[in-house]
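One structure below.
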2 protein chains.
Amino acid sequence: MRSGFFQKNKTIFLYGFSLAILLILLRWLELKYIIYDHAFEIYAGSIALVFTLLGIWLARKLTKPKVETRVVEKEVYRIMQEPFVLNEKALASLGMSQRELEVLERMSEGLSNQQIADQLFVSLNTVKTHAARIFEKLDVQRRTQAIEKAKRMGLIP
Amino acid sequence: MRSGFFQKNKTIFLYGFSLAILLILLRWLELKYIIYDHAFEIYAGSIALVFTLLGIWLARKLTKPKVETRVVEKEVYRIMQEPFVLNEKALASLGMSQRELEVLERMSEGLSNQQIADQLFVSLNTVKTHAARIFEKLDVQRRTQAIEKAKRMGLIP
DNA sequence: AATGGCTTCATACTTTCGGGTGATTTTCGG
DNA sequence: CCGAAAATCACCCGAAAGTATGAAGCCATT
């Protein structure tokens, strides 16, 4: 393709053109006897200047941009359970005992009284007693309420 | 400082030097009568070539690298109470109905079946039926388990 | 018209939970 | 060592929760 050929050799054409036009211009200036004393030096200087600029342009055109990796911090919000810290104050103010807390934790895991009893190696009745105390201290009636309240108070995760 | 002055004007000095040396070289070549026919064109061409290269070099030296910002995501964890967004996918995959979800929500608030029935203006039996379906779909046996699982799945806050 | 899902309700039954009471043992600080 | 708090266990009883089964009405899709 003609246009394709021109496209690919555009730089070369431009190059030649620049040189030709510059020479013509300089000759014309010479003929117009504006320059005659240091003619050659001016020629050379002009050519040097123009082609330096051309070189710069070329370099900018052809050089691939240097890639500089810049780390941009982007906040990625994640669902994460904030590290649970037991609310000791609330625990103390309620007078919640260690054993009761253990029962409460297992309750919140959805275990039945019997399962809790098995895990803690105590009788079902014992767990019931603990549960009753827990409800009393938390001032609730049902285990679901106890769990809800205890979570809000920071007694369990 | 002298050296500082030279440093800062290095490019200009280099420039002048190049031109001077080139001219001397060309004159010498001319004197050696290797060139004499198309002397001027060769002069011009040589100067053009050299200064183009110089321009390219200059450009590369002086041009600040184009910064292509490459975003590298860096996770910044932060504690936040996750604003609850309902996990619709899980909801759909479980085939959980709207009514069932309502019951589930109230369950998690610690309400009894009777209270839920009153709030939703349905009978206790209806709530029980919903509850049974919920347990079935969540594959659990107790309401406490259902709450625990539903929370983890993002069905309820 | 038929099908299937959702919601509603009922009945009957079993299991678990929660309240109340009382009692024994263990632990731990004064 | 003594006493209070904690932990353990038992028994009873009623309430609540959960299981199983059936069924009717509604609504959208086929």
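A, B, ... follow the sequence lines: proteins, then strands. Residue 1 opens every chain. All values reported here derive from a predicted model rather than from experimental measurement.
- Computed from coordinates, the R142(B) CZ to dA17(D) P distance equals 14 Å when rounded to whole Å.
- Listed nucleotides: dT8(D), dG18(D), dA16(D). Nearest to the side chain of S112(B): dA16(D).
- The side-chain hydrogen bond (donor to acceptor under 3.5 Å, both in side chains) test applied to E100(A) returns S97(A), K137(A), not counting sequence neighbours.
- A straight line from CG of N113(A) to P of dT8(D) spans 14 Å, rounded to a whole angstrom.
- For V122(A), counting side-chain heavy atoms from C-beta on, the closest listed nucleotide (dA16(D), dC11(D), dT8(D)) is dT8(D).
- For E105(B), there are no salt bridge (charged side-chain N to carboxylate O under 4.0 Å, His left out) partners, not counting sequence neighbours.
- In this view, R142(A) satisfies the salt bridge (charged side-chain N to carboxylate O under 4.0 Å, His left out) rule with no residue, not counting sequence neighbours.
- Within the 4.5 Å cutoff, no side-chain heavy atoms of L120(B) are placed close to those of T126(B).
- The nearest whole Å value for the distance from the CG atom in L138(B) to the P atom in dT19(D) is 12 Å.
- You can see that DNA chain C meets the heavy atoms of chain A within a 4.0 Å-exclusive cut from dC17(C) to dG19(C), reading 5' to 3'.
- Comparing the local axis fitted to the first five base pairs of the helix from dA1(C)-dT30(D) to dG30(C)-dC1(D) with the one fitted to its last five gives a bend of 50°, rounded to 10°.
- Relative to the side chain of N125(A), the nucleotides dA7(D), dC11(D), dG18(D) differ in distance, and dC11(D) lies closest.
- Connection of F84(B) to M107(B) is established within a shared hydrophobic cluster, with ILVMFWY side chains joined at heavy-atom distances below 4.5 Å, either directly or through further cluster members.
- The side-chain hydrogen bond (donor to acceptor under 3.5 Å, both in side chains) search around Q114(B) returns D118(B), not counting sequence neighbours.
- Under 4.0 angstrom from either OP1 or OP2 of dA7(D) there lies no side-chain N or O belonging to H130(A).
- Nucleotide dA5(D) holds its C1' atom 15 Å from the CD atom of Q98(A), rounded to whole Å.
- Between the NZ atom of K128(A) and the P atom of dC13(D) there is a distance of 13 Å, given to the nearest Å.
- In this structure, CG of L124(A) is placed 14 Å from P of dC12(D), rounded to the nearest angstrom.
- Nearest heavy atom pair, residue L155(A) against residue A90(A), reads CD2-CB, 4.0 Å.
- A salt bridge between E109(A) and R106(A) is absent, with no side-chain N of the basic residue lying under 4.0 Å from a carboxylate O of the acidic one.
- In this structure, T126(B) reaches the bases: a heavy-atom distance under 4.0 Å links it to at least one base atom across the strands shown.
- Distance R133(B) CZ to dA20(D) C1': 12 Å, rounded to the nearest Å.
- Protein atom CZ of R143(A) is 14 Å distant from nucleotide atom C1' of dA15(D), rounded to whole Å.
- Residues V122(B) and L111(B) are members of one and the same hydrophobic cluster, defined by side-chain heavy-atom contacts under 4.5 angstrom among Ile, Leu, Val, Met, Phe, Trp and Tyr.
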